[in-house]
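In what follows, a single structure is set out as C-alpha cells and then discussed.
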Amino acid sequence: MKFKNTIFIVLLAVFITGCSTPKYNYQPAASIFSVPPIGEKNTAGLGESLLDQGVSTNREIIIIEKPFSIMAYDVAAGKMIKIGEDKDYAYYGQSYDTGYLITGGLLIKTIMVNATIMVNKSTQELCIIRPLDADVCGSTSFRLEKELVTSKKSFRQTLIYTGKVGTKLRMAYREYSGDLARPAFNTDVEYDLNQSKEVGYAGALLEIIDASNTKITYKVINNFNTP
C-alpha cells in the first residue's frame, strides 16, 4: 500500500550554495500486520501461507523518475529513503538495499556513498550534499511516496498449509527473526477434522470450510498472540 504525493518540476538553472549537513532524526512508523483479515473467506494452495503476522515499517521515500545531472554529479533513476528533516528541508539517503544512485567526478565517475539528497519543502528544489563539499542544487522530476516494508529486525509468524490425508489436516508453523527462520520454532502440526473444524496454533485459530490435499478454504478467527 502506498500513499503518493506526486511532484513534477521543470528542469531549471543549476547553482552552488553553501555546505549543508543532513539531519538524521527521521523514524518511520512501525506497526503489526496480519493477513488475511479476521472473518474473511480465503483459499490457499499446498505450501502457501494461511496466516502471516509480523512487523512492517511505513517509511517515506523519494522516487527519482529519470536520470539527470547536476554539475559533476550524475543521479540515476530509483528511490532513496528519508533519513531526516528540519523546518525547511527533507533529507534522503542512499543504501545498499535500495542501491547507490549518485556518482560524481570530472574525469572518472565513482559512487558517492556519502552523498545525500536535500529537498526544499517550499520550492521543491533538489540539492546534492556531501560532507566538506558545497551544495549543488537544481530541479528535476520526482515524486514522494510512502511504502510498507517488512523490518529486518521484526519478529514474524506464519502458518503454512502442507496438505490433507484422510481426515488429518497438516500445517507447518514457522517463526522468523528478521530474514532468518528460527529452527527451534519450526513445527509441523496435524489436526483431525472429525474432532473439530477449528484448528489453531500459538494463539491463532482458523475455521476450516473445505480442504483437500491440494488446497484449503478457511476463515481466520483469531490472529497469533502479539509478541
Side-chain angles (χ1 to χ4, degrees), residues 1-4 26-63 78-83 93-100 144-227:
M1 181 181 297
K2 293 182 178 180
F3 169 76
K4 298 184 178 180
Y26 174 67
Q27 185 64 43
S31 60
I32 294 175
F33 70 87
S34 185
V35 290
I38 290 176
E40 183 178 282
K41 184 178 178 180
N42 298 276
T43 298
L46 192 65
E48 293 182 343
S49 172
L50 302 176
L51 178 60
D52 191 12
Q53 183 172 308
V55 178
S56 63
T57 300
N58 193 12
R59 68 186 182 186
E60 297 181 36
I61 59 174
I62 184 172
I63 302 292
K79 72 178 178 181
M80 297 174 65
I81 302 167
K82 187 174 182 179
I83 58 173
Q94 306 176 93
S95 73
Y96 176 81
D97 291 338
T98 58
Y100 295 100
L144 304 179
E145 296 184 356
K146 291 183 179 180
E147 68 173 1
L148 284 173
V149 294
T150 302
S151 170
K152 289 188 175 181
K153 297 181 180 179
S154 70
F155 174 78
R156 189 171 182 176
Q157 299 168 280
T158 305
L159 274 178
I160 301 169
Y161 185 55
T162 56
K164 177 175 176 281
V165 177
T167 62
K168 300 295 181 64
L169 188 75
R170 294 175 176 175
M171 296 189 297
Y173 173 76
R174 301 288 184 263
E175 286 187 6
Y176 300 87
S177 180
D179 293 331
L180 301 176
R182 305 173 68 194
F185 297 91
N186 291 346
T187 306
D188 295 318
V189 292
E190 187 176 272
Y191 304 90
D192 190 342
L193 293 178
N194 281 339
Q195 295 183 6
S196 176
K197 298 297 184 182
E198 294 185 357
V199 300
Y201 195 87
L205 187 62
L206 310 181
E207 176 191 346
I208 308 304
I209 299 172
D210 187 42
S212 68
N213 198 40
T214 58
K215 65 179 180 180
I216 183 172
T217 302
Y218 66 101
K219 290 182 181 179
V220 177
I221 300 174
N222 289 326
N223 295 326
F224 292 112
N225 293 325
T226 303

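Taking CG from Leu46 and CG from Asn213, the interatomic distance works out to 6.0 Å, rounded to the nearest 0.5 Å. Note that CG of Leu193 is 5.0 Å distant from CG of Leu169, once rounded to the nearest 0.5 Å.
With sequence neighbours excluded, the residues that form a side chain to side chain donor-acceptor pair (under 3.5 Å) with Thr158 are Asp52. Looking at residues two or more places apart in sequence or on another chain, you find no salt bridge (Lys or Arg N to Asp or Glu O under 4.0 Å) involving Asp210.
The main-chain N or O of Gly200 is found under 3.5 Å from a side-chain atom of Tyr191 such that the two form a donor-acceptor pair. Judged by distance alone, with hydrogens and angles left aside, the side-chain atoms of Thr57 form no donor-acceptor pair with the main-chain N or O of Arg59 at under 3.5 Å. Put simply, the side chain of Asp192 never gets that close to the backbone of Lys168: no donor and acceptor are under 3.5 Å apart. Thr162 places a side-chain N or O within donor-acceptor distance of the main-chain N or O of Arg170, the cut-off being under 3.5 Å. A distance-only check finds no donor-acceptor pair linking the side chain of Tyr201 to the backbone of Tyr173 [under 3.5 Å]. Checking side-chain atoms of Glu60 against main-chain N and O of Lys82 turns up no donor-acceptor pair under 3.5 Å.
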message = Applying side-chain contact (heavy atoms from CB on, under 4.5 Å) to Tyr26 and Ile81, what does each step give before you reach the verdict?
response = CA-CA 10 Å; Tyr26 174 67; Ile81 302 167; 5.6 Å; no
key: Verdict with supporting geometry, Glu145 and Lys79, salt bridge (Lys or Arg N to Asp or Glu O under 4.0 Å)   = CA-CA 10 Å; Glu145 296 184 356; Lys79 72 178 178 181; over 6 Å; no
inquiry  = If you apply the rule salt bridge (Lys or Arg N to Asp or Glu O under 4.0 Å), what do you find for Glu207 with Lys197, and how did you get there?
reply    = CA-CA 6 Å; Glu207 176 191 346; Lys197 298 297 184 182; over 6 Å; no
message = Evaluate Val189 against Val199 for side-chain contact (heavy atoms from CB on, under 4.5 Å), listing each step before the verdict.
response = CA-CA 10 Å; Val189 292; Val199 300; over 6 Å; no
